[in-house]
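Encoded as structure tokens, the structure appears first; notes follow it.
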There are 2 protein chains.
Amino acid sequence: MPRTPGRPRSGIDDTVFAATLATVNSLGYARATVDRIAAEAGIAKTTIYRRWPTKGALITACLVDAFGPAPLTGTDRSQILAAGIRWIAAKIGEPGIGAAFAGVFTDAVNDPELRQILSAQLQDPYRLALQEVLNEPEQRVLFYIDVVVGTLLHRLGMTGRPMVDADVEALVSMVTTALNPPLSPGGPPA
Amino acid sequence: MPRTPGRPRSGIDDTVFAATLATVNSLGYARATVDRIAAEAGIAKTTIYRRWPTKGALITACLVDAFGPAPLTGTDRSQILAAGIRWIAAKIGEPGIGAAFAGVFTDAVNDPELRQILSAQLQDPYRLALQEVLNEPEQRVLFYIDVVVGTLLHRLGMTGRPMVDADVEALVSMVTTALNPPLSPGGPPA
DNA sequence: GTAGTATCGATACTTGAAGTAGCGTAAATC
DNA sequence: GATTTACGCTACTTCAAGTATCGATACTAC
């Protein structure tokens with residue numbers, strides 16, 4: 001296994017990710033500057049910028065690492081979707097992750113390049129997996145993602161606290177009902 | 001009608017609000033600096049800071065002015081809620097308003113003071129009106145607001161474009177179904 | 001060993017935006 | 001006219017993102 005010459009990169013990615021979440025958790029997203037994250041990780045700020053081009057890219061990579069693969073398990077489509085909703089709700093509730101997610105989303109609103117990074121690296125893998133397992137068209141899956149993630153982030157953003165389990169279950173019920181609409185006495189919806 | 005001595009404030013609030021939306025619409029929220037908004041309005045930046053303590057407070061006041069009262073009309077609760085959803089979706093689709101809304105919301109995530117302003121001045125009036133007209137408890141109405149506003153903002157944030165009518169109708173259907181759950185063959189939900 | 005290459009740490013710097021201070025001036029009341 | 005309050009203007013402070021540079025370090029190739 002021939003390696004390229006030069007000093008190899010030290011394995012500090014995990015250290016930086018942990019420092020990022022810890023800093024965001026203790027200081028909030030706005031005060032989690034790259035300087036402070038670097039200090040928390042015990043490395044130089046310039047080292048961070050050699051690996052990730054912008055702060056948004058760093059946070060996105062951190063979230064991709066923190067989320068990992070979605071456990072889309074269940075015996076039918078409703079159960080699979082419900083598992084996915086409970087999983088993302090729990091992740092957003094973990095210390096630092098929710099605030100980092102909301103922060104980078106917020107930054108992406110007016111930054112098309114970051115939006116691209118966020119969409120491609122964070123949303124698309126889960127969207128594609130959901131399309132496969134639910135056998136639903138892209139537009140429909142994107143709608144479910146808007147509903148679930150938007151709701152969870154709005155709650156976190158307006159209250160500062162993650163959504164409580166009872167409301168998560170209401171969300172599960174609402175979305176799974178939309179996925180498999182019940183036949184109503186007046187006939188099925190057009 | 002006795003007036004206090006001193007030079008009266010000139011009636012520039014509407015001019016500033018219009019300049020704010022115009023600037024946000026043409027440049028995006030991030031580049032809509034207070035300097036540029038002041039220039040667009042043809043006044044000094046210091047005049048803006050004499051009226052609103054922070055940029056977030058300015059944007060919030062601008063949104064309160066732009067939204068106005070919600071038209072919660074209809075013959076039953078579902079129709080009233082549907083009218084409210086279509087109204088806020090249309091408002092968020094207007095040029096500048098959606099971007100300004102997403103921007104302040106984003107800023108509020110890590111700014112408790114701004115969150116307070118946003119909650120008290122923008123959300124609470126509509127929440128209270130909804131509680132009255134829907135005859136639902138506060139927690140339930142807050143959940144609906146999270147779902148509707150969160151979904152609309154997530155779509156705008158991830159795509160840069162407001163939600164199309166077909167998806168707004170899917171949202172209406174989903175939320176009104178949750179408001180008045182249909183009796184399913186397996187029995188009503190606990 | 002030496003040469004070459006790529007990374008790290010450290011310091012300093014540029015840029016841009018939020019918010020503040022101070023001052024002269026304009027428009028009102030008394 | 002005296003007082004009071006708001007405006008325009010310029011300059012300033014503060015902070016964070018991102019960049020530039022340079023010496024030191026850790027590896028490969030010979």
Side-chain angles (χ1 to χ4, degrees), chain A residues 1-16 19-20 23-24 27-62 99-100 103-104 106-114 117, chain B residues 1-16 19-20 23-24 27-62 99-100 103-104 106-114 117:
Chain A
M1 221 164 146
R3 219 194 295 184
T4 56
R7 177 176 179 171
R9 291 196 156 182
S10 44
I12 53 172
D13 282 24
D14 289 346
T15 306
V16 175
T20 300
T23 306
V24 169
L27 300 178
Y29 185 81
R31 289 184 183 172
T33 66
V34 177
D35 282 282
R36 280 194 254 259
I37 292 172
E40 174 80 23
I43 63 167
K45 176 172 74 162
T46 45
T47 299
I48 290 185
Y49 277 105
R50 282 192 198 97
R51 297 174 181 230
W52 300 279
T54 63
K55 182 185 175 182
L58 164 65
I59 304 282
T60 304
C62 181
V104 74
T106 260
D107 285 354
V109 171
N110 288 289
D111 183 341
E113 289 190 25
L114 177 55
I117 293 175
Chain B
M1 212 157 155
R3 217 193 298 182
T4 57
R7 176 177 178 170
R9 290 196 157 184
S10 44
I12 53 172
D13 282 24
D14 289 346
T15 306
V16 175
T20 300
T23 305
V24 169
L27 299 178
Y29 185 81
R31 290 184 182 170
T33 66
V34 177
D35 283 281
R36 279 194 256 260
I37 292 172
E40 174 80 22
I43 62 167
K45 177 172 74 162
T46 45
T47 299
I48 290 186
Y49 277 104
R50 281 194 197 94
R51 295 176 181 229
W52 299 278
T54 63
K55 181 186 176 182
L58 164 64
I59 305 282
T60 304
C62 181
V104 259
T106 260
D107 286 353
V109 170
N110 288 288
D111 183 341
E113 291 189 25
L114 178 54
I117 294 174

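The sequence lines fix the lettering, A, B, ..., with proteins before strands; numbering per chain opens at 1. A quick note: this is a predicted structure, and the numbers were derived from the prediction, not measured.
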Polar atom pairs between nucleotides 14-18 of chain C and protein, under 3.5 Å, N or O only, would you list them?
| from | atom 1 | to | atom 2 | distance (Å) |
| --- | --- | --- | --- | --- |
| dA17(C) | OP1 | Arg36(B) | NH2 | 2.7 |
| dA18(C) | OP1 | Lys55(B) | NZ | 3.1 |
| dA18(C) | OP2 | Val34(B) | N | 3.2 |

I'd like to check the side-chain hydrogen bond (donor to acceptor under 3.5 Å, both in side chains) partners of Arg7(A); sequence neighbours left out, ordered by chain and number. none
Whole-Å distance between dT19(D) P and Trp52(A) CH2? 16 Å
Report the distance from atom CG of Asp111(B) to atom C1' of dG19(C), rounded to the nearest whole Å. 14 Å
Who passes side chain to side chain contact (heavy atoms under 4.5 Å, CB included) against Ala57(B), sequence neighbours left out? Trp52(B), Pro53(B), Thr54(B), Ile117(B)
Protein-proximity profile, nucleotides 1-8 of chain C, B/S/- by nucleotide at the 4.0 Å heavy-atom cutoff, equals ---BBBBB
Name each donor-acceptor pair under 3.5 Å that joins a side chain in residues 31-46 of chain B to protein atoms two or more places apart or in another chain, with its distance.
| from | atom 1 | to | atom 2 | distance (Å) |
| --- | --- | --- | --- | --- |
| Thr33(B) | OG1 | Arg36(B) | N | 3.2 |
| Arg36(B) | NE | Arg31(B) | O | 2.8 |

If I compare all heavy atoms of Ala99(B) with all of Val24(B), which pair ends up nearest, and what's the gap? CB-CG1, 3.6 Å
Rounded at 0.5 Å granularity, tell me how far CG in Asp111(A) sits from OH in Tyr29(B). 15.0 Å
What's the spacing between Arg9(A) CZ and Arg51(A) CZ if we round to 0.5 Å? 5.0 Å
